[in-house]
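So the structure is just underneath, and the comments pick up after that.
These figures come from a predicted structure and were not determined experimentally. Below, chains carry the letters A, B, ... as their sequence lines are ordered, and counting in each starts from 1.
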Number of protein chains: 2
Amino acid sequence: MTKKKVIQIGVVSELTGLTERQIRYYEDRKLIFPDRSKGGVRKYSFEDIQAIIDIHTKLSDGFHTVELRRMLAGS
Amino acid sequence: MTKKKVIQIGVVSELTGLTERQIRYYEDRKLIFPDRSKGGVRKYSFEDIQAIIDIHTKLSDGFHTVELRRMLAGS
DNA sequence: CGTGTAAGGAATTCTGACACG
DNA sequence: CGTGTAAGGAATTCTGACACG
């Protein structure tokens, strides 16, 4: 485990300026790995938030999620 | 502002081992000051969590909330 | 491909109150 | 006093799908 995952998606959305849809999609693409509450609610860490920002920046730079996943693997 | 208040009461409850009732009561007694989302949901910082633990410890030591509030003022 | 949205349901939180003591 | 609980409502999140392209 890296850091405490205690932040919900609404707050992550505010902090990153991204929509919940985008944040959930990055998880679907296996770029981020939030925890889940018993009820299934996603919980993020501040590290996750930073990763999400990085992901979005790179997507804006023209990268695709598949490439970003490879970058994750090769680190 | 001290630190980012992004954690919801359910997580605070897990992290402190206290009930939501206790956490809300400490706020009612003006010992902690969480933020609120637009919808009215409480948001706590890690500092708040530490404060909550301290409060509960002192209550266990026999102090009353009124005394704890005075201790806050005199610091 | 990455993101928007409407849809219905489920998890989470909120307040005010009654209870004990 | 500090905390438990049942009650009803409201805010938040979840999933799967259709859309565009």
How many Å lie between NZ on B:Lys30 and P on D:dG2, as a whole number? 15 Å

Which of the following nucleotides, C:dG2, D:dT15, C:dT5, is nearest to the side chain of A:Arg21? C:dT5

Output the rounded distance in Å from CD (B:Glu27) to P (C:dG16). 12 Å

Could you give the CG-to-C1' distance, from B:Asp28 to D:dG2, as a whole number of Å? 11 Å

From A:Thr65 atom OG1 to A:Leu31 atom CG, the distance as rounded to the nearest 0.5 Å: 6.0 Å

Expressed as a whole number of angstroms, how long is the span from B:Leu18:CG to D:dT3:C1'? 11 Å

Minimum-distance nucleotide (side-chain atoms of B:Arg36 versus C:dT15, C:dT13, C:dG4): C:dT15

For the residue pair A:Pro34 and A:Asp48, what are the closest heavy atoms and their distance? CA-OD2, 4.4 Å

Side chain of B:Ser37: nearest nucleotide among D:dG4, D:dT12, D:dT3? D:dT12

The Watson-Crick or G-U wobble partner of D:dC14, with both key distances under 3.5 Å, is C:dG8

Rounded to whole angstrom units, what separation is found between the CD1 atom of B:Ile23 and the P atom of C:dT13? 10 Å

Quick one: which of D:dT5, D:dT15, C:dT15 gets closest to the side chain of A:Arg24? D:dT15

Within a 6.0 Å radius of atom CZ on B:Phe33, are there more than 12 heavy atoms belonging to other residues, nucleotides or ligands? yes

Give the rounded distance in Å between these two atoms: OH of A:Tyr25 and C1' of C:dT3. 9 Å

Spacing of B:Ile52 atom CD1 relative to D:dG2 atom P, expressed in whole Å: 15 Å

Taking only residues two or more places apart in sequence, or in another chain, which ones meet A:Glu47 in a side-chain hydrogen bond (donor to acceptor under 3.5 Å, both in side chains)? A:Thr2

Could you work out which one of D:dG4, C:dG2, D:dC14 sits closest to the side chain of B:Gln22? D:dG4

When the nearest nucleotide of DNA chain C is assigned to A:Tyr26 and to A:Lys43 on a heavy-atom basis, which residue is associated with the more 5' position? A:Tyr26

So, are B:Glu27 and B:Arg36 salt-bridged, with charged N and O less than 4.0 Å apart? yes

Rounded off to whole Å, could you give me the CD-to-C1' distance for the B:Glu20 and C:dT15 pair? 13 Å

Can you tell me which nucleotide in D:dT12, D:dG2, D:dC14 comes closest to the side chain of B:Thr65? D:dG2

Pairing partner of C:dC20 (Watson-Crick or G-U wobble, both distances under 3.5 Å): D:dG2

Using heavy atoms to find the nearest nucleotide of DNA chain C for A:Arg29 and A:Gln8 separately, return the residue whose nucleotide is more 5′. A:Arg29

